[in-house]
Amino acid sequence: MLSDFYPSKMFKFCPFCGSKEFAWDGAKSHRCGACGHKLYVNEAAATVALIANARGELLFVRRRYNPAKGTLDLPGGFVDLGETAEHAVTREVKEELNLEVSKLQFFGSFPNRYLFGEVVYFTLDLVFVCTVRDFSPLSAADDVESYLFAAPQKVNVDEIGLESIREVVKAYAKLIAER
Ligand SMILES: [Zn+2]
């Protein structure tokens with residue numbers, strides 16, 4: 001169960017003084033009974049790219065690494081410290097697929113839970129519709145095993161490993177169907 005790996009269960013010592021009197025408040029922070037410091041658990045910002053070709057098919061990737069290794073995903077990744085979401089999504093599309101994004105439009109935000117190194121990190125996936133004019137440089141690299149184009153309304157969402165990405169694809173397919 002993912003909830004077994006929440007920070008409330010895994011973080012046992014105060015990072016300021018090392019005390020074991022490090023109690024979870026039941027909602028969003030730990031408080032140290034020895035030194036009084038509070039440490040909040042926040043959502044980490046991540047980005048997701050919706051990239052469609054001229055036929056309206058969506059560009060999916062297959063994950064090279066855990067979590068959810070081998071499952072379908074959308075391009076994107078974590079926002080670095082001090083970076084904008086716009087820069088992060090453009091950078092990730094270049095790193096993973098060697099494509100240049102020429103235009104961005106914000107689509108929405110989707111919360112996610114991401115198990116890494118025996119801790120669940122809460123993320124907020126910031127989703128952008130990305131315009132790509134030239135698909136000729138397309139190649140899989142970085143944490144992407146391979147890529148494929150598929151109609152968003154036809155893809156089997158059970159093949160998508162991450163909760164938030166399933167919701168993104170469902171929302172996008174609904175939007176396309178209403179057009
Ligand atoms: Zn302390």
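For the numbers below, each heavy atom of this structure counts, side chains included, while hydrogens, waters and symmetry mates do not. Sequence positions, counted from 1, serve as the residue numbers for this chain.
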Task: Separation between NE2 of His30 and OG of Ser8, rounded to the nearest 0.5 Å - done: 6.0 Å
Task: From His37 atom NE2 to Phe16 atom CZ, the distance as rounded to the nearest 0.5 Å - done: 4.5 Å
TODO: Hey, can you tell me if Phe106 and Phe128 have their rings parallel, tilted or perpendicular (30° and 60° cut-offs)?
DONE: perpendicular
TODO: Any chance you could measure Leu50, atom CG, to Phe60, atom CZ, to the nearest 0.5 Å?
DONE: 8.5 Å
Open item on the list: Nearest 0.5 angstrom please: Glu163 CD to Arg113 CZ, how far?
Closed with: 4.0 Å
Open item on the list: Once rounded to the nearest 0.5 Å, what's the spacing between atom OH of Tyr6 and atom CE of Met1?
Closed with: 8.0 Å
TODO: Might you work through the ring pair (Phe, Tyr, Trp, His ring centres under 6.0 Å) test for Phe116 and Phe78, ending with a clear yes or no?
DONE: CA-CA 13 Å; Phe116 184 79; Phe78 283 97; 8.2 Å; no
TODO: For a side chain to side chain contact (heavy atoms under 4.5 Å, CB included) with Arg63, tell me which candidate from Asp143, Ile165, Leu162 qualifies.
DONE: Leu162
Open item on the list: Just to verify, what does Ser29 make a side-chain hydrogen bond (donor to acceptor under 3.5 Å, both in side chains) with, not counting sequence neighbours?
Closed with: Asp25
TODO: Could you check Phe149 against Phe135 for ring pair (Phe, Tyr, Trp, His ring centres under 6.0 Å), going step by step and ending with a plain yes or no?
DONE: CA-CA 12 Å; Phe149 284 97; Phe135 285 95; 5.6 Å; yes
Open item on the list: For Lys174, is the NZ atom crowded, meaning more than 12 foreign heavy atoms sit under 6.0 Å from it?
Closed with: no
Task: Note, Val168 side chain near Leu74 side chain (heavy atom, < 4.5 Å) - done: yes
- [ ] State, yes or no, whether a side-chain contact exists between Lys94 and Glu100 at a heavy-atom distance under 4.5 Å.
- [x] yes
